[in-house]
Amino acid sequence: MRGEVEIVRGHRIDYQLYKYLLQYFSDGDLTRMFEAIRKPPSRYYVRVNTLRVSPEDLVSKLRERGLEVFMDEHLKEAIWLPIKGPNRVPSARKIVIADKRAAESVYMGANLYVPGVVKFEEGINRGDEVNVVAPNGEVVAFGIAELGSDEVGRVSNGVAVRTIVSVYSLPKVREIPEYEMGLFYDQSLPAQWVAHILDPRPGEVIVDMNAAPGGKLSHIIQLTGGRATIYAFDRSPNKVREMNERLGKLGMTGLYRAEVRDSRYLDVDKPELVGSVDKVLIDPPCSDMGVRPRLFDVKTMDLVRSMSEYQKQFIRVAWKLLKPGGVLVYSTCTIPPLENEDNIMYAEELGFRVVAVSIPNASGGLVEKYRDSVIRFYPHVHDTPGFFIARLVKPG
Ligand code: SAH
């Protein structure tokens with residue numbers, strides 16, 4: 001059977017994936033889930049760099065700047081800023097088309113930077129009022145052009161449109177001086193639980209198999225005070241370079257060992273690690289169906305299947321690296337059980353045992369077997385991105 005289903009405006013999935021998801025969600029739940037994915041959560045979370053500042057001190061510094069900031073009810077280092085909206089966006093006569101990624105940031109209040117521009121309508125002058133439009137035609141903001149149509153092709157960076165009113169609004173987090181000073185890292189609440197579920201300890205040997213851009217890695221470093229042997233692997237040289245820069249800003253240079261590696265072959269390429277690791281984190285590439293806000297997307301069953309097979313390869317290698325008694329944490333930012341619970345079942349076939357974990361304000365597994373042992377966040381239920389976390393142990 002071919003064809004696609006549009007669940008909500010802009011979000012299409014192929015018929016096979018639709019049928020697959022209907023085994024787990026009602027039609028109404030699917031609609032509510034994708035509606036939520038179109039919007040940001042109501043809270044924008046950042047993680048305090050506790051190597052440099054206490055959560056209390058950072059909150060008061062940010063409040064002195066006039067920002068509205070709150071502490072999470074459960075995670076001490078998690079603080080958040082409210083995301084306001086939807087706002088009514090005024091119409092302008094002229095339009096600027098942004099690429100998808102840039103449009104999703106502008107939708108939340110960021111300025112549009114030159115690399116994110118797809119097209120400036122002809123005849124725009126510096127200072128003109130414009131609408132910023134996503135590639136699917138959706139208006140994401142009203143702003144002022146900082147460049148003219150004839151200039152935009154000649155520069156490679158800088159602000160192209162200064163955003164005045166966006167659909168959702170949030171202070172420009174990366175422009176806050178404390179961000180530049182490395183006092184916090186922007187990271188969703190579910191992602192901030194992952195390092196806690198791993199529970200890294202000083203003195204341990206820890207492997208992060210999919211480390212870039214370094215969100216969970218830098219959290220592991222914080223939780224161990226940098227006193228563990230932490231290997232950070234990622235296949236992408238560019239992402240590893242950016243990760244090192246970003247962690248440098250957080251004051252973490254020298255507290256971990258980064259290498260560009262295809263982690264599917266670590267047992268071969270890093271034989272010294274086989275059987276000698278206390279903890280492994282797998283945070284693999286996935287079909288990304290929990291990421292929000294997403295204005296439009298197309299997902300297919302083929303993508304989900306191939307991701308699931310790809311992810312299993314990391315699990316096989318983690319089994320080889322871990323010592324008896326060692327711990328594996330597996331997390332994704334996607335929804336289908338094939339990439340989540342089914343891979344946990346696969347890990348159990350290799351010999352891993354699931355260790356039951358639970359955290360406040362989250363759900364358990366989507367399949368009966370893991371109802372009380374793994375963690376799920378749903379966009380339409382928990383006001384967070386969609387997320388999955390499981391903890392496993394290699395029996396001793
Ligand atoms: N853990 C990161 C996010 C990881 S996203 C954080 O918390 O910030 C998934 C990462 O897996 C991407 O950076 C991607 O480059 C990497 N990746 C994909 N295939 C890989 C492979 N075969 N080996 C190692 N890393 C891989």
Report summary line: So the salt bridge (Lys or Arg N to Asp or Glu O under 4.0 Å) pairs with at least one residue in residues 218-230 (sequence neighbours excluded) are none

Check: residues 110-123 side-chain donor-acceptor pairs under 3.5 Å, at least two apart:
unit_1 : atom_1 : unit_2 : atom_2 : d
Asn111 : OD1    : Thr163 : N      : 3.0
Tyr113 : OH     : Glu175 : OE2    : 3.0
Glu121 : OE1    : Ile95  : N      : 2.6

Report summary line: Nearest heavy-atom contact between Ser218 and Gly215 is OG-O, 3.0 Å

Query raised in the report: Do the charged groups of Arg257 and Glu259 touch, with an N to O distance under 4.0 Å?
Result: no

**Report entry** Pairwise side-chain contact, Val133 with Val96, heavy-atom cut-off 4.5 Å (strictly under)
**Finding:** no

Query raised in the report: Heavy-atom count around Lys61 NZ within 6.0 Å, excluding the residue itself: above 12?
Result: no

Query raised in the report: Hey, does the side chain of His219 reach the backbone of Gln187 with a donor-acceptor pair shorter than 3.5 angstrom?
Result: no

**Report entry** Any Met33 side-chain heavy atom under 4.5 Å of Phe25 side chain
**Finding:** yes

Report task. May I ask you to check whether over 12 heavy atoms, not counting those of Arg371, lie within 6.0 Å of atom CZ? Result -> yes

Requested in this report: State, without any angle test, whether His74 and Gln192 hold a side-chain donor-acceptor pair at a distance under 3.5 Å.
Outcome: no

Requested in this report: Count the heavy atoms of every other residue, nucleotide or ligand shown that sit under 6.0 Å from CZ of Arg93, and state whether that count exceeds 12.
Outcome: no

Query raised in the report: Tell me, do Val354 and Arg391 make a side-chain contact under 4.5 Å, heavy atoms counted?
Result: no

Query raised in the report: Do Trp193 and Ile389 have side-chain heavy atoms sitting under 4.5 Å apart?
Result: yes

**Report entry** side-chain contact (heavy atoms from CB on, under 4.5 Å) against Lys39, all qualifying residues, sequence neighbours excluded
**Finding:** Tyr168, Arg292

Report summary line: For Glu35, the salt bridge (Lys or Arg N to Asp or Glu O under 4.0 Å) test, sequence neighbours excluded, returns none

Query raised in the report: Can the positive tip of Arg376 be found less than 6.0 Å from the middle of the six-membered ring of Phe387, inside 45° of the ring normal?
Result: no

Query raised in the report: How about Arg9 and Glu138: do any of their side-chain heavy atoms sit closer than 4.5 Å?
Result: yes

**Report entry** Pairwise ring pair (Phe, Tyr, Trp, His ring centres under 6.0 Å) hits with a residue in residues 292-343, at least two apart
**Finding:** Tyr310-Phe314, Trp319-Phe352

Query - Under 3.5 Å: donor-acceptor pair, side chain of Ser169, backbone of Val165 - result: no

Requested in this report: Sort and list the pairs that fulfil salt bridge (Lys or Arg N to Asp or Glu O under 4.0 Å) and have at least one residue in residues 199-221, not counting sequence neighbours.
Outcome: Asp199-Arg201, Glu204-Lys279, Lys216-Asp283

Query raised in the report: Regarding Thr332 and Asn340, is there a side-chain donor-to-acceptor distance under 3.5 Å anywhere?
Result: yes

Requested in this report: Would you please indicate if the ring centroids of Trp80 and Tyr44 are separated by under 6.0 Å?
Outcome: no

Requested in this report: Go through the side-chain N and O atoms of Tyr20 and Asp14 and say whether any donor and acceptor fall under 3.5 Å apart.
Outcome: no

Report summary line: Taking every heavy atom of Leu322 against every heavy atom of Asp278, the minimum-distance pair comes out as CD2-O, 3.6 Å

Query - Between Tyr185 and Arg47: side-chain donor-acceptor atoms closer than 3.5 Å - result: no

**Report entry** Polar side chain donor-acceptor pair, Arg241 to Asn238, under 3.5 angstrom
**Finding:** yes

Query raised in the report: What class does the angle between the rings of His382 and Tyr378 fall in, given that below 30° is parallel, 30 to 60° is tilted and above 60° is perpendicular?
Result: parallel

